[in-house]
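All remarks here apply to the structure that follows.
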Amino acid sequence: QRGAGLIKVGSTGFTESGEQFATLGPEVLEAAVKAAHEAGLKIAAHSVGYEGTHQAVEAGIDSIEHGTFIDDETAQLMAQKGTYLVPTMSTWDARLKQGHMAGESRETLATTEERAEESRASFRRAVQAGVNVVPGSDAGGSSARHGMLHRELELMVENGLTPPQALESATRVAANLLGIQDEVGTLEVGKVADMVLIDGDPYSDPAALGNVWSVFQAGRRIR
């Protein structure tokens, strides 16, 4: 009623000693999903732990954000229920680069690298299970920044997608997740003409998406 376009909940947490725990539990998650869907909204879950992620998927959440810890059982369940994964692997990639530049300790860098590999491994499990994946940067909440989404697509290709699949995940599949596939996501008559002109071929090299020549918004060139 106040104009929200998306509901997001946190389904996982960490203790001070680094142990994972589920924050909401099945009943609260189910109630949140029911309320969001009855209001015609999508609902996402910030999920960085095994148990809380599985509970969110069982409750019918629309998308798992981050999904740093996804086991084979949860990946299979996501595929069965049509749950999307927004992996944000580039957050760890950015943290590692900045950590090296800042001269962080070997222990800190090793911990970051371990978490990065856990994120990549979870993504690979999801892809192998047939889960729909959509890129996200977590810009504003991590070391990644707006304008770095092409790096996320590179990591998606490095960990199981083909370049065309990665490009489609950022366009058509992303629009499907948000429920706006009738308006955007593909270049078709009647849809919003939001486009970018790329110097290069993203169908063979996702890094080409970083070479933006022109931007069109609603059919009008703005850059």
Side-chain angles (χ1 to χ4, degrees), residues 8-25 29 44-58 61 63-79 83-163 165-166 169-170 206-207 210:
K8 183 179 180 181
V9 296
S11 65
T12 62
F14 285 93
T15 65
E16 291 185 1
S17 61
E19 296 180 359
Q20 302 176 13
F21 65 94
T23 57
L24 298 179
L29 281 165
H46 169 94
S47 299
V48 292
Y50 288 116
E51 183 182 10
T53 299
H54 192 85
Q55 289 179 354
V57 176
E58 283 190 318
I61 213 83
S63 67
I64 294 295
E65 310 298 309
H66 317 304
T68 313
F69 300 94
I70 297 175
D71 55 25
D72 289 324
E73 181 183 355
T74 301
Q76 292 292 339
L77 184 62
M78 291 175 71
T83 313
Y84 288 71
L85 171 64
V86 184
T88 66
M89 291 180 288
S90 54
T91 63
W92 300 109
D93 183 70
R95 286 188 193 183
L96 276 173
K97 289 178 180 177
Q98 292 178 16
H100 282 291
M101 291 174 62
E104 291 183 347
S105 68
R106 290 184 180 180
E107 183 180 70
T108 299
L109 291 172
T111 299
T112 303
E113 178 55 51
E114 180 182 353
R115 197 61 63 86
E117 177 50 37
E118 288 166 341
S119 176
R120 293 190 292 261
S122 290
F123 177 79
R124 291 193 292 268
R125 292 187 195 101
V127 170
Q128 290 168 4
V131 175
N132 286 318
V133 294
V134 169
S137 66
D138 201 29
S142 73
S143 300
R145 293 291 180 264
H146 295 292
M148 295 170 61
L149 194 62
H150 62 281
R151 179 55 184 154
E152 181 74 13
L153 295 182
E154 290 179 62
L155 290 167
M156 293 171 83
V157 170
E158 290 174 14
N159 288 280
L161 294 191
T162 64
Q165 286 174 329
S169 75

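One-based numbering along the sequence shown. Quick caveat: nothing in here was measured; it's all calculated off a predicted structure.
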Residues which pass ring-ring contact (aromatic ring centres under 6.0 Å, His included) with His54, listed by chain and number, not counting sequence neighbours: none
Validation row: Thr83, Leu77 side chains within 4.5 angstrom (heavy atoms): no
Rounded distance [0.5 Å steps], CD in Glu107 versus OG1 in Thr112: 10.5 Å
Minimum-distance pair of heavy atoms, taken over all atoms of Ala116 and Leu96: CB-CD1, 4.3 Å
CD-CG distance between Glu113 and Leu109, expressed to the nearest 0.5 angstrom: 9.0 Å
Under 3.5 Å: donor-acceptor pair, side chain of Thr23, backbone of Gly10: yes
Any donor-acceptor N/O pair, Thr12 side chain to Val48 backbone, under 3.5 Å: yes
Donor-acceptor under 3.5 Å (Glu152 side chain, Ser90 main chain): yes
Any residue meeting salt bridge (Lys or Arg N to Asp or Glu O under 4.0 Å) with Lys8, in chain and number order, not counting sequence neighbours: none
Under the side-chain contact (heavy atoms from CB on, under 4.5 Å) test, residues paired with Glu114 that sit two or more places apart: Glu118
Heavy-atom closest pair, residues Ala170 and Leu153: CB-CD2, 4.1 Å
Side chain to side chain contact (heavy atoms under 4.5 Å, CB included) assessment of Met156 paired with Ser169: CA-CA 10 Å; Met156 293 171 83; Ser169 75; 3.6 Å; yes
Sidechain-backbone polar pair: Ser122 side chain, Thr68 backbone, donor-acceptor under 3.5 Å: yes
Working for side chain to side chain contact (heavy atoms under 4.5 Å, CB included), residues Glu19 and Phe14: CA-CA 5 Å; Glu19 296 180 359; Phe14 285 93; over 6 Å; no
Arg151/Glu158 salt bridge by N-O under 4.0 Å criterion: yes
Shortest non-hydrogen contact from Ser119 toward Met89: OG-CG, 3.4 Å
Exercise: identify the closest heavy-atom pair between Thr91 and Ser137: CG2-O, 3.4 Å
Test log, rule side chain to side chain contact (heavy atoms under 4.5 Å, CB included), inputs Asp71 and Thr74: CA-CA 5 Å; Asp71 55 25; Thr74 301; 2.9 Å; yes
Leu85 vs Phe123, side chain to side chain contact (heavy atoms under 4.5 Å, CB included): CA-CA, chis, key distance, verdict: CA-CA 8 Å; Leu85 171 64; Phe123 177 79; 4.2 Å; yes
Test item: Phe69 and Thr53 side chains (from C-beta on) under 4.5 Å apart, heavy atoms: no
Value rounded to 0.5 Å, distance of CG in Asp93 from OG1 in Thr88: 11.5 Å
Residues forming a salt bridge (Lys or Arg N to Asp or Glu O under 4.0 Å) with Asp138, sequence neighbours excluded: none
Side-chain donor or acceptor of Glu65 paired with backbone N/O of Ala44 under 3.5 Å: no
Which side-chain N or O atoms in residues 124-133 pair as donor and acceptor under 3.5 Å with protein atoms at least two apart or in another chain?
{"unit_1": "Arg124", "atom_1": "NH1", "unit_2": "Asn159", "atom_2": "OD1", "d": "2.6"}
{"unit_1": "Arg124", "atom_1": "NH2", "unit_2": "Glu117", "atom_2": "OE2", "d": "2.6"}
{"unit_1": "Arg125", "atom_1": "NH1", "unit_2": "Ile70", "atom_2": "O", "d": "2.9"}

Qualifying side chain to side chain donor-acceptor pair (under 3.5 Å) pairs with a residue from residues 140-150, counting only residues at least two apart or across chains: none
